[in-house]
Amino acid sequence: FSSGTGGGHGGGQEHLYGPNLHVVPPAGDDGGPPTSKAAIAAAAAAAVAAAAKPLGLAGIMRRFKRGEKLAMVTSYDFPSSRLARGAGVDLVLVGDSLGNCRLGLPDTVGVTMEDMLSATRSVRRGLDTPPVMGLSKPSPKPVLVGDMPFGSYLVEADALRNAANLRMAGAELVKLEGGRTLAPMVRSMTLAGIPIMAHIGLMPQSAALQGGLRLQGTTAQSARELVEDAKALADAGAVSIVIECVPEEVGAAVQAAVPHVPIIGIGAGGGVAGQVLVCDDLWGLHGKPPSFVKMYADIGKSSAAAFENYVQEVRSGAFPGKAYARSMKEAELEKFSSLMPEVWNTAKTMLPKPQDVEELSVLIKQETKTSELGPLPIALGQSTTSTSGNIGNPLPASVFLDFASGRFANLPAKASLSLSQARMLSSIPRSLSEDTKVLRTVKDVRGWRKSMSEMGRSVALVPTMGNLHEGHLELIDEAKKHVDEVLVSIFVNPSQFAAHEDLDTYPRTLESDLRKLEERGVHVVFAPQADEMYPSGSPGGTVVVPRFVQGKSEDACRPHFFTGVATVCLKLFNLSKPDVVIFGQKDAMQCCVIGRMLEDLLLDVKMVVAPTSREQDGLARSSRNSYLTAGMRKQAPAIYKALSTRTADLTASSKEVRDAVTADLEAVGFEVSYVSVADPREMTEKNDSDKIANSIVSIACIVRDGETQCRLIDNVVVPTNESA
């Protein structure tokens, strides 16, 4: 099964039998090309004869009785059903989820009978077409199930007519949503010769009456009702039953109650005869799927990347290039140029030069490992030595600068790079094998944000300094609740470190950070160099000074810190133009500073503050926890214990809490820098006699183990107590 060699429309052997059957022509007696079209036709006939037979309902029941698990997927069109057949699935459902997944409807209710019939015919053709060679395994044709849409079976006459139409469109089974009240209709359809697959549990067509798209059968009584529904439907003749979104115990109980009927679960656990998933969900076509779905691919992300590659290659001129263009024969081109010399003289200047396209392809294929350098002002092809201190050796002469990423890469031997190639190369995105795209420059971020705006996608920014831990990843989880795309920045900001602090030794773990982010489903990361964020040097000529916190608690200890934080965050906000920014409560004063900056500078950005992420023993997660020795780590949970214990009484005075927390921690060896009881908006200290209700109680302290020390911060939010 391979493509013919003729090219064009109808030029190759692949077109002799239509577009869907690709046949390898048989060799002649001498092993050469085929000797006749009859031989080719014979090969085609053999291929058709070898096509799989239908599995049928009888085949489903045989597999069920042998204890084989049944695999069902939804499909709505020719290509997906053809792939499903090639994968060896047992059943293919043309579901009314067609509405959500293909028609852009908010739910399944708007799907019509005409929609379902059209999709069923398309899927039927896909199942009847031999699978794509290399993407399939020998297996029978799956059983095709057609879904009855909302309103198509309200009365028996309509139900029978519409079910018959589905059967004539190619469905072998017809699916209905409903419990035992639907049993009489199931019986009538069965008597009319229409095999029925019932559907209980969560029923999307009537979800409004079930409290929305939520777990069903969660109480003993509702679980019993589902079991009774299954028994009644089986007694009425249902040959299979789908059960959706129930506890796994309920799914198993339903199967046990009707042991002769295969129960197909979706979000119903593994104690049933088979499983069904919506193909778009297992593909990841629409982003994050429901919690009971395992994504087996991320077609949505790879498709978006394919479109992006296409657009950029078209705009840069890399596509179509010579590889995807056709040329006139030389003799005909000469005749044409003599017939229309003025037109041809203009036209030939519009064609890309072969070397600009062909050599560019070689450059991309042969790109080697690149350094992590930011953009440097060097001349292409010239040797230079870094003065930044990041490189110890001169760059070789055979390098080029990838403008999009700000990295250097090697040129192939004896290659040169023209200016037009450099422009084209700067438009080529990184390899599609890099699941998480790393943006390096201001230009990269602005371009990406513009593309998100053009697609109407909302964006959240999660600013970090890297060395990521579970607390950072929980911020990403929170961000996904609010927007379509999450941008994570990884930048160790020099302007928030004092000269004596740990800027040089702060952990930089970009490679492992990117792995964690990819596993968490982050598609884009901004990881700039310092000179990208501070072109004139850190901290720059213009800074943001949050005066309202000056001299208070954390600012008194680190007077440089919040100016650095506010300045870099404003830069990040201006670059990425996020709809939402996500911060963690652990850095309480930082949250207040950013919130006030958004308000005072009239930034149209929503701020979400996520709860402090903690280890099981209460220690607040922090990148600096990696500095802790085993002994220090054992001590550290005492911080949260002291805070939570001493703030339990909302009527306690601020002084009582400050003194008690300080005493608790000093007693176990901590050096306490401060204990603050402050109002949550201004971070102004409360008077000694004020009650602690409606305050933030925060602490900074130092824990030591021999010569090693680590500064830790934490806080708790004390709620309002109206009676205090």
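Counted by atom type alone, Asp77 and Ser80 present one or more donor-acceptor pairs between their side chains at under 3.5 Å. If you check the side chains of Ser453 and Arg449, you find a donor sitting under 3.5 Å from an acceptor.
Remark: side-chain polar atoms of Asp235 are not paired, donor with acceptor, to backbone N or O of Ala232 under 3.5 angstrom. Looking at Gln255, its side chain does come within 3.5 Å of a backbone N or O of Ala273 through a donor-acceptor pair. Using a distance-only test at 3.5 Å, with no hydrogens or angles considered, a donor-acceptor pair links the side chain of Gln205 to the main chain of Met148. The backbone N or O of Ser222 sits less than 3.5 Å from a side-chain atom of Thr219, completing a donor-acceptor pair. A donor-acceptor pair is defined here as one N or O able to donate and one able to accept, closer than 3.5 Å; such a pair exists between the side chain of Glu172 and the backbone of Leu144. Thr74 contributes a side-chain N or O that, together with a main-chain N or O of Cys279, makes up a donor-acceptor pair within less than 3.5 Å. Between the side chain of Arg180 and the backbone N or O of Leu233, no donor-acceptor pair lies under 3.5 Å. A donor-acceptor pair under 3.5 Å links the side-chain atoms of Ser451 to the main chain of Trp448, judged by distance alone.
Gly284 and Asp298 get closest at one heavy-atom pair: O-OD1, 3.6 Å. Here the closest heavy-atom approach between residue Met116 and residue Val94 is recorded as CE-O, 3.0 Å. Closest of all the heavy-atom pairs between Trp283 and Arg102 is CZ3-NH2, 4.0 Å. Listed here is the closest heavy atom pair of Asp96 and Asp147: N-OD2, 3.0 Å. Across all their heavy atoms, Pro204 and Glu244 have their closest contact at CD-OE1, 3.8 Å. Closest of all the heavy-atom pairs between Asn162 and Ser152 is ND2-O, 2.8 Å.
Under the 4.5 Å side-chain criterion, counting only non-hydrogen atoms from C-beta, Val242 is in contact with Met72. Between Phe526 and Ser576 there is no side-chain heavy-atom pair separated by less than 4.5 Å. Met189 is listed as a side-chain neighbour of Leu176, based on a closest heavy-atom distance under 4.5 Å.
For the atom pair NZ (Lys516) and CG (Leu468), the distance works out to 6.0 Å, reported to the nearest 0.5 Å. Rounded to the nearest 0.5 angstrom, Ile60 CD1 and Glu68 CD are separated by 10.0 Å. Separating the OG1 atom in Thr129 from the CZ atom in Phe78 is a distance of 3.5 Å, to the nearest 0.5 Å.
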- Going through the checks in order, is the salt bridge (Lys or Arg N to Asp or Glu O under 4.0 Å) test met by Asp128 and Arg125? CA-CA 5 Å; Asp128 290 341; Arg125 289 190 288 270; over 6 Å; no
- Apply the test salt bridge (Lys or Arg N to Asp or Glu O under 4.0 Å) to residues Glu308 and Lys437: give CA-CA distance (whole Å), side-chain angles for both, the deciding distance (0.1 Å), then the verdict. CA-CA 12 Å; Glu308 181 183 353; Lys437 185 174 183 178; 2.4 Å; yes
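Remark: Phe64 CZ is packed, more than 12 non-hydrogen atoms of other residues, nucleotides or ligands lying under 6.0 Å away. Within a 6.0 Å radius of NZ in Lys288, no more than 12 heavy atoms belonging to other residues, nucleotides or ligands are found. Atom CZ of Arg214 is surrounded by 12 or fewer heavy atoms from other residues, nucleotides or ligands within 6.0 Å.
Checked options His469, His472, Glu470, Glu474; the residue passing with Ser613 is Glu474 (criterion: side chain to side chain donor-acceptor pair (under 3.5 Å)).
The aromatic rings of Tyr310 and Phe319 sit perpendicular to each other, their planes meeting at more than 60°, with 30° as the lower class boundary.
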